[in-house]
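Here is how names work: the chains are called A, B, and so on, in the same order as the sequence lines, proteins then strands, and each is numbered from 1.
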There are 2 protein chains.
Amino acid sequence: MKVVTLRWHKDRLEMIDQRVLPKTFQYIAYDSAASVAEGIRDMVVRGAPAIGCAAAYGVALEALRLRESSREDFNAKLEEGFHALAESRPTAVNLFWALERMRKHWQGLALAQNNPSDIVGGLLQEAHEILAEDIRNNRAMGKLGAELLHDGDTVLTHCNAGALATAGHGTALGVIRSAIETGKHLSVIADETRPFLQGARLTAWEMVQEGIPITLICDNMAGHLMKDGKIDAVIVGADRVAANGDVANKIGTYMVAVLARRHGIPFYVAAPLSTIDLKINSGTDIPIEERDATEVTGYGDVTWAPDGIRVRNPAFDVTPAELVSALITERGVITSPDPSRIAALLTG
Amino acid sequence: MKVVTLRWHKDRLEMIDQRVLPKTFQYIAYDSAASVAEGIRDMVVRGAPAIGCAAAYGVALEALRLRESSREDFNAKLEEGFHALAESRPTAVNLFWALERMRKHWQGLALAQNNPSDIVGGLLQEAHEILAEDIRNNRAMGKLGAELLHDGDTVLTHCNAGALATAGHGTALGVIRSAIETGKHLSVIADETRPFLQGARLTAWEMVQEGIPITLICDNMAGHLMKDGKIDAVIVGADRVAANGDVANKIGTYMVAVLARRHGIPFYVAAPLSTIDLKINSGTDIPIEERDATEVTGYGDVTWAPDGIRVRNPAFDVTPAELVSALITERGVITSPDPSRIAALLTG
């Protein structure tokens with residue numbers, strides 16, 4: 001079964017509900033920018049590239065919803081839609097990248113078209129193109145990144161940077177999938193990735209679906225396995241990469257990178273160019289989302305911590321570029337990323 | 001409320017059921033070595049010093065149960081009791097230390113006494129003494145360790161090395177408690193400590209009971225908070241310390257130690273001398289228990305990982321002595337522990 005994270009169906013956006021996988025596999029349908037924004041905030045969809053795709057469709061849905069409005073109303077309400085989507089989550093830059101791209105496309109269409117209904121079709125086409133591009137980019141990253149993994153390797157990944165985090169194939173898991181497609185035998189170790197358990201639920205589910213050997217561990221076990229020689233490489237995705245190569249990714253990524261360095265294990269980041277934010281000089285300037293305490297005091301309907309306890313719940317952390325062995329993009333692999341190498345790739 | 005982890009009541013050992021805290025506070029009563037061994041294995045009681053106390057009472061209970069037996073039967077069945085207790089869990093050396101001490105005491109009593117009923121009383125007295133000693137040791141460690149913490153410090157701890165892990169007061173949490181008793185203002189950050197959640201359930205519960213400021217985080221968040229300057233010191237307990245100072249403790253301790261070193265944060269281990277195992281030269285020789293997969297695929301009755309997934313579940317890891325800033329014992333603090341300093345303390 002091929003995982004289709006988001007799909008356009010009967011004038012609505014359908015997204016797999018990633019909060020209830022793997023127990024329940026179901027799509028939820030969305031028909032407005034506000035509802036998509038809520039889906040992003042509640043983590044029905046998550047993963048930087050998938051959030052970007054969802055946001056693009058959110059704009060298209062809103063335009064569709066407003067297609068009978070006056071031009072003035074259409075413009076005002078669509079702006080509100082952009083705003084709601086931009087407010088949904090702060091860290092993954094792909095969200096803002098996709099919104100910016102949809103806005104530019106809208107501006108181009110608005111110059112050429114006289115009525116909203118023509119603009120709607122153009123915006124939907126652009127959302128489709130963003131989704132198709134994401135899959136092409138993941139395939140390209142997969143091909144380039146596969147060279148870095150060796151036959152027999154056991155690869156640790158944190159969180160889920162798979163098909164579910166993208167339009168398909170995945171970034172980090174895409175590299176693993178592509179390496180396996182070339183005939184290499186790999187096995188995967190997944191950090192469970194508290195509090196939302198993307199590793200235990202989503203990465204595990206994706207790998208089990210495809211029969212890729214996978215072992216699940218708690219987040220605090222990675223150091224022990226590295227020390228024990230059980231991990232050959234680490235590969236993760238990214239939510240935002242600063243101009244200097246610092247990487248914001250799911251909380252716990254920094255810990256894995258520090259441990260990998262101590263044990264001389266390569267630490268790879270796979271992310272499309274849309275994840276690189278040249279407006280941010282270094283990781284310290286990346287906004288880190290703090291989520292609700294209830295995610296940490298339990299899971300789902302179960303609470304295990306005592307009542308009234310204080311909680312910190314940063315959803316992301318920043319891994320400094322010095323700990324990144326290579327950044328894998330669709331345009332090329334940057335070894336030991338730094339500002340000049342990143343700039344060269346982007347302009348090259 | 002003072003936490004009484006284990007207590008002798010009406011010829012039975014009663015232990016707080018640590019599997020169901022903080023939701024349910026209840027004692028379970030034990031009347032044989034085999035049942036205590038099961039309680040240790042199932043983690044009704046956990047924490048190296050508490051396991052040692054439980055094992056000592058397990059021997060006393062078994063002797064009590066056999067008090068009407070012939071001397072031959074008594075000896076054979078008590079041996080079986082020792083065996084069952086020794087098989088319960090492999091890593092915490094306090095278990096074997098307590099059993100060894102009870103065995104020596106039994107041998108001494110057997111020389112002097114003619115009938116089992118006299119031996120029973122002597123064994124029970126020794127178990128009481130082991131428990132009382134543990135509290136005295138924790139108080140002594142607390143006093144010595146308190147010097148290392150400063151007014152205003154935020155102290156990270158992993159797992160639960162508190163009253164619940166001992167006969168009372170705690171090792172790592174004992175140091176924090178003692179420092180607070182001297183008037184220092186401390187706040188605690190607790191790693192939740194997957195998979196058994198000793199931090200989220202037990203450490204959090206102990207601190208909330210006493211109004212000590214505590215913040216709960218997931219295990220993968222410690223690195224981010226250290227990087228952010230939010231942690232001034234780390235203090236943990238130990239399940240076994242090798243002759244060279246390597247420390248086996250709850251899985252994830254190694255990760256915290258590596259991160260602390262990177263950020264120049266002191267990493268302290270508080271453990272009684274009974275945790276030091278001179279028969280083990282280095283940490284690589286400490287047996288690491290691997291527990292059931294179901295602990296990792298979910299929590300309690302909830303399963304969140306997909307069916308049939310492979311799991312690793314090492315319950316402990318080893319932190320090399322080079323990462324330990326100081327080892328706090330009841331006899332003194334060893335800064336930068338090494339074989340000669342440890343030997344000097346033990347013989348001194």
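Remark: side-chain polar atoms of B:H169 are paired, donor with acceptor, to backbone N or O of B:G174 under 3.5 angstrom. Between the side chain of B:S187 and the main chain of B:I214, no donor-acceptor pair closer than 3.5 Å is present. A donor-acceptor distance shorter than 3.5 angstrom exists from the side chain of A:D17 to the backbone of A:R19, with no hydrogens or angles considered. At least one donor-acceptor pair under 3.5 Å links the side chain of B:R201 to the backbone N or O of B:Q18. In this structure, the side chain of A:K184 engages the main chain of A:L149 through a donor-acceptor pair within 3.5 Å. Using modelled atom types, one side-chain atom of B:D317 and one backbone atom of B:G252 make a donor-acceptor pair closer than 3.5 Å.
Geometrically, A:R89 does not engage A:F316 in a cation-pi contact, judged by NZ or CZ lying under 6.0 Å from the ring centre and within 45° of the ring axis.
If you measure heavy-atom distances from A:T303 to chain B, the contacts under 4.5 Å come from both the backbone and the side chain. If you measure heavy-atom distances from B:V208 to chain A, the contacts under 4.5 Å come from the side chain alone. Using a 4.5 Å cut-off between heavy atoms, B:L197 contacts chain A through its side chain alone, with no backbone atom that close. In this structure, no portion of B:V256 lies under 4.5 Å from any heavy atom of chain A. Using a 4.5 Å cut-off between heavy atoms, B:V311 touches chain A through backbone and side chain atoms alike. Proximity to chain B (any heavy atom under 4.5 Å) is restricted, for A:V302, to the side chain, taken from C-beta onward.
The aromatic rings of A:F25 and A:W205 sit parallel, their planes meeting at an angle under 30°, below the 60° perpendicular limit.
Applying the side-chain contact (heavy atoms from CB on, under 4.5 Å) test to B:T294 and every residue at least two apart in sequence or in another chain returns B:D292, B:T297.
Of the listed residues B:T193, B:L21, B:L323, the one with more heavy-atom pairs under 4.5 angstrom with chain A than any other is B:L323.
At a heavy-atom separation below 4.5 angstrom, chain B is approached by A:H158 within residues 155-165 of chain A. Contacts of residues 218-238 of chain B with chain A at a heavy-atom distance below 4.5 Å involve B:C218, B:D219, B:N220, B:M221, B:G223, B:H224, B:L225, B:K227, B:K230, listed in sequence order. Within residues 257-269 of chain B, the residues that have a heavy atom under 4.5 Å from a heavy atom of chain A are B:V258, B:L259, B:R262, B:H263, listed by number.
A salt bridge between A:R291 and A:E289 is present, with a side-chain N of the basic residue lying under 4.0 Å from a carboxylate O of the acidic one. Looking at B:R177 and B:E210, a side-chain N of the basic residue comes within less than 4.0 Å of a carboxylate O on the acidic one, giving a salt bridge.
The nearest pair of heavy atoms linking B:A92 to B:A48 is CB-CB, 3.7 Å.
Between the side chains of A:E295 and A:N313, at least one donor N or O sits under 3.5 Å from an acceptor N or O. In this model, no donor atom of one side chain and acceptor atom of the other lie less than 3.5 Å apart for A:T319 and A:T253.
Atoms CG and CG, from B:D277 and B:D246 in turn, are 12.0 Å apart once rounded to the nearest 0.5 Å.
For the pair A:P287/A:R240, a side-chain contact is recorded, criterion being any heavy-atom separation below 4.5 Å from C-beta on.
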